[in-house]
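On a predicted model such as this, the values are computed, not experimentally measured, just so you know.
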Amino acid sequence: MSTGRDRTVGFAVVTAAYLAAGLVAWAVVAVAHGPHPLLLTFYADLAATVVVFAASMLVANASLYDPYWSVAPAVIVTAWVWWNTGGEISAMTGRQTAVLLLVLAWSIRLTANWASSWRGLDHEDWRYVRLRERRPRGVPWWLVNLAGIQLMPTLVVFAGLLAVWPAVTVTGRSWGPLDVVAVAVTAAAVLLEATADRQLQRFTRDPANRGGIIDRGLWRYSRHPNYLGEILFWWGMWLFALAAAPDWWWTVAGPVTMVLLFTFVSIPMMDERSLDRRPAYAEHMRRVPALLPRPLRHR
């Protein structure tokens, strides 16, 4: 019973914090005049992140930021499409429609996945607990929280969104074969991530698997298929940018940044934790690749 109340209070706090962040972001857009819309969005994104950070410090739980990764892009892309079309749904191009629907599908699913596992204000992601415990002496927690947990992911996601800007605002090029490829890659990425998360949830909720290592389904071929799906999603967005405006090729920096984040930060942290908790995980790492599937190694 208390768990239910904790979740209700927690989600109420998250909702209030995100509404406040949205209002502050809107105020930034309303007050600032002159900057390019892309730069203006960046300012608003940073301002909203600071609001969420402040809320996380007030309730002493950095996990308040977790849904920002999936919520903010949906709001931003919707705003960009609205701005470009003047709010006329009938004026949307096929590419704009495809990008918006795929982003919304990705956002809703990923946010729902977070909501299903978050237990409330007493539940903080283990990675943040570890960062708090291992931060260098003399470095205040608020700085680690702001820079490492909140601003860094905001910057990474905005880098990914750079490709979405031309995809939904440059309308001179008609729908073509590259758009079809982009739809296929992005839809497959969302499906891959959703399937991996569902398989992991089913495995962890079975008491018989307690302390075990998931090596079935997609997890038989990749140690982190959910991360692979996330990375592919942002590559799909970049393909839409190429289809809309080839001269925006440089936005490849977005998906490349995602690859670097997951390869050098997220995956090492997850693998280190698994090694600490499950001695057999070292053998699992030897047999199963971190991301891209390959023929499994056997003794």
Side-chain angles (χ1 to χ4, degrees), residues 15 18-49 51-52 67-112 154 157-191 194 233-252 254-255:
T15 301
Y18 279 59
L19 287 175
L23 288 174
V24 169
W26 175 83
V28 169
V29 174
V31 171
H33 297 286
H36 187 279
L38 190 56
L39 189 59
L40 190 57
T41 303
F42 180 62
Y43 295 154
D45 197 14
L46 290 180
T49 299
V51 173
V52 175
Y68 195 87
W69 178 283
S70 54
V71 170
V75 175
I76 289 171
V77 175
T78 300
W80 284 347
V81 172
W82 183 275
W83 170 81
N84 185 259
T85 62
E88 294 292 333
I89 296 179
S90 60
M92 290 175 59
T93 66
R95 184 178 298 115
Q96 288 174 328
T97 302
V99 171
L100 182 58
L101 289 178
L102 286 166
V103 169
L104 291 176
W106 166 83
S107 173
I108 293 170
R109 192 216 64 82
L110 195 55
T111 305
T154 289
V157 170
F158 195 83
L161 287 172
L162 289 175
V164 184
W165 170 260
V168 298
T169 62
V170 179
T171 58
R173 296 173 65 90
S174 59
W175 182 275
L178 190 54
D179 290 289
V180 176
V181 175
V183 169
V185 170
T186 309
V190 174
L191 180 61
F233 172 83
W234 295 102
W235 279 105
M237 291 295 105
W238 180 69
L239 290 176
F240 277 117
L242 281 187
D247 56 331
W248 280 73
W249 62 267
W250 57 269
T251 58
V252 71

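- In plain terms, the two heavy atoms of Val183 and Ala98 that are nearest each other are CG2-CB, 4.2 Å.
- Residues Tyr43 and Val29 fail the side-chain proximity criterion, which asks for heavy atoms closer than 4.5 Å.
- Partners of Val71 under the side chain to side chain contact (heavy atoms under 4.5 Å, CB included) rule, at least two apart in sequence or in another chain, are Tyr18, Pro67, Val75, Thr111.
- Residues Asn84 and Met92 fail the side-chain proximity criterion, which asks for heavy atoms closer than 4.5 Å.
- Using a 4.5 Å heavy-atom threshold, the side chains of Leu104 and Thr78 count as touching.
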Could you walk me through whether Thr41 and Phe158 pass side-chain contact (heavy atoms from CB on, under 4.5 Å), step by step? CA-CA 9 Å; Thr41 303; Phe158 195 83; 3.9 Å; yes
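- Applying the side chain to side chain donor-acceptor pair (under 3.5 Å) rule to pairs touching residues 170-191 yields Arg95-Asp179, sequence neighbours excluded.
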Stepwise side-chain contact (heavy atoms from CB on, under 4.5 Å) test for Leu100 and Val168: CA-CA 8 Å; Leu100 182 58; Val168 298; 6.0 Å; no
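- Looking at Val185 and Val181, their side chains come closer than 4.5 Å, going by heavy atoms from C-beta outward.
- Side-chain contact check for Phe42 versus Pro35: every heavy-atom pair is 4.5 Å or farther apart.
- For Gln96 against Thr85, the heavy-atom pair with the smallest separation is OE1-CG2, 3.6 Å.
- Open room surrounds CH2 on Trp82; 12 or fewer heavy atoms of other groups in view lie less than 6.0 Å from it.
- Within the 4.5 Å cutoff, the side chain of Tyr68 has no heavy atoms near those of the Val157 side chain.
- Note that CG of Leu178 and CG of Leu242 are 6.0 Å apart. Values are rounded to the nearest 0.5 Å.
- A pairwise comparison of heavy atoms in Ala167 and Ala244 identifies CA-CB, 3.9 Å as the closest pair.
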With side-chain hydrogen bond (donor to acceptor under 3.5 Å, both in side chains) as the criterion, how do Ser70 and Ser107 come out once you've worked through the C-alpha distance, each side chain's angles and the decisive distance to 0.1 Å? CA-CA 5 Å; Ser70 54; Ser107 173; 5.0 Å; no
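- Taking each heavy atom of Val52 and Ala21 in turn, the nearest pair found is CG2-CB, 4.0 Å.
- When all heavy atoms of Leu239 and Ala182 are compared, the closest pair comes out as CB-CB, 3.7 Å.
- In this structure, Leu38 and Trp80 have side chains that are in contact, with non-hydrogen atoms separated by less than 4.5 Å.
- The two residues Ala189 and Phe233 come nearest to each other via the heavy atoms CB-N, 3.3 Å.
- Aromatic pair Trp238/Trp165: ring centres not closer than 6.0 Å.
- Atoms OG1 and CH2, on Thr251 and Trp249 in that order, are 9.5 Å from each other to the nearest 0.5 Å.
- Residues Trp250 and Leu162 are in side-chain contact: their nearest non-hydrogen atoms beyond the backbone lie under 4.5 Å apart.
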